[in-house]
Amino acid sequence: MAMPWIYAGRRWVATRDLQLLRYPEKSAVAQPVTAGCYLSVYWLTEGRHAEHLRWTVRINQRLNRDGRVHQGRTHVFTAFQDHAATVYRDGAAGPRDHHALDHPYAGLVVEVIDSESPERREELLAWLRSRHLPGRLAGSPAAMVTVFRPTPLPADRMAYVKQVEGVGTRLTLLWFLERDPRECWEGYFTGLDTDVISAGPGHVEFVAPFIPTIPGTDHYVDRLR
């Protein structure tokens with residue numbers, strides 16, 4: 001949160017029981033699909049991406065030289081992403097998307113969908129906005145879904161962070177939940193892959209639930225494996 005032009009952030013965790021809810025089993029995002037325990041999400045001020053990127057690359061290079069970067073971890077899905085759309089369950093009522101990381105949501109579901117081509121990604125986005133997401137959100141525990149397009153990482157990024165895949169064909173969806181995902185997984189978040197295959201121009205590569213961490217504590221660390 002001390003980085004320039006970041007105005008909101010939140011960290012999430014997937015305990016082992018949450019990891020086991022993920023699908024599909026063969027995922028282009030995580031191999032195996034249960035890989036990855038923590039997720040950090042930040043909102044970046046519009047129009048300031050290039051400035052932030054220059055700063056964060058330099059500071060990470062310095063921290064790495066100083067031995068202050070934790071190396072005992074694997075980056076599963078690290079990317080900067082451009083906001084493409086937000087769909088709200090309750091219309092104009094409730095928090096807006098720029099409030100999402102400050103509002104005390106009880107859970108988050110990350111969904112990654114790949115289209116067959118860049119042209120079909122726009123078709124996929126239109127289908128999500130107008131048909132799929134409004135129907136799925138109605139009466140659900142999710143207050144909103146934000147949709148993003150991933151962008152390439154800079155060439156001088158840290159060596160342990162792999163380049164972003166599917167830049168021209170991928171969409172990342174964040175479902176912000178008012179309930180713990182374990183309480184509402186069945187019926188609301190199962191079958192998202194089937195919906196997309198049967199009606200949308202794409203295929204689901206990752207669906208994963210998370211809950212918020214408790215800052216300043218080691219809570220949940222003993223439940224990751």
**Report entry** Crowding at CD, E46 (>12 non-hydrogen neighbours, <6.0 Å)
**Finding:** no
Query raised in the report: Would one find more than 12 heavy atoms of other residues, nucleotides or ligands at under 6.0 Å from atom CZ of R131?
Result: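 12 or below, so no.
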**Report entry** T146 OG1 to F176 CZ distance, which is reported to the nearest 0.5 Å
**Finding:**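 Spacing of OG1 (T146) from CZ (F176) equals 4.5 Å.
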Report task. Could you label the plane-to-plane angle of the H52 and F80 rings as parallel, tilted or perpendicular, counting under 30° as parallel and over 60° as perpendicular? Result ->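 Judged by the thresholds at 30° and 60°, the geometry between H52 and F80 is perpendicular.
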Query raised in the report: Is the W175 ring parallel, tilted or perpendicular to the H132 ring (thresholds 30°, 60°)?
Result: perpendicular
Requested in this report: Applying ring pair (Phe, Tyr, Trp, His ring centres under 6.0 Å), name anything that partners W12, two or more places apart in sequence or on another chain.
Outcome: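 W12 satisfies ring pair (Phe, Tyr, Trp, His ring centres under 6.0 Å) with no residue once adjacent residues are dropped.
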Report task. State which residues pass side-chain contact (heavy atoms from CB on, under 4.5 Å) with P4; sequence neighbours excluded, sorted by chain then number. Result -> W55
Report summary line: For S40, the side-chain contact (heavy atoms from CB on, under 4.5 Å) test, sequence neighbours excluded, returns R11, Y42
Report task. Using the six-membered ring of F189, assess whether NZ or CZ of R136 lies under 6.0 Å from its centre and within 45 degrees of the ring axis. Result -> no
Query raised in the report: So among R170, R149, R121, R120, which one has a salt bridge (charged side-chain N to carboxylate O under 4.0 Å, His left out) with D114?
Result: R170
Query raised in the report: So which pairs with a foot in residues 197-220 pass ring-ring contact (aromatic ring centres under 6.0 Å, His included), sequence neighbours left out?
Result: none
Report task. Could you go through the side-chain contact (heavy atoms from CB on, under 4.5 Å) check for Q163 and L153 one step at a time? Result -> CA-CA 6 Å; Q163 186 54 270; L153 291 171; 3.4 Å; yes
Query raised in the report: In chain order, what residues pass the side-chain hydrogen bond (donor to acceptor under 3.5 Å, both in side chains) check against D82, with sequence neighbours excluded?
Result: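 side-chain hydrogen bond (donor to acceptor under 3.5 Å, both in side chains) check on D82 returns nothing, list empty.
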Report summary line: Those residues at least two apart in sequence (or on a different chain) that pass side-chain hydrogen bond (donor to acceptor under 3.5 Å, both in side chains) with Q61 are none
**Report entry** Check ion pair R89-E178 (N to O, under 4.0 angstrom)
**Finding:** yes
Query raised in the report: Quick one: does E205's side chain have a donor or acceptor within less than 3.5 Å of a partner on V112's backbone?
Result: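 Such a contact is absent between E205 side chain and V112 backbone.
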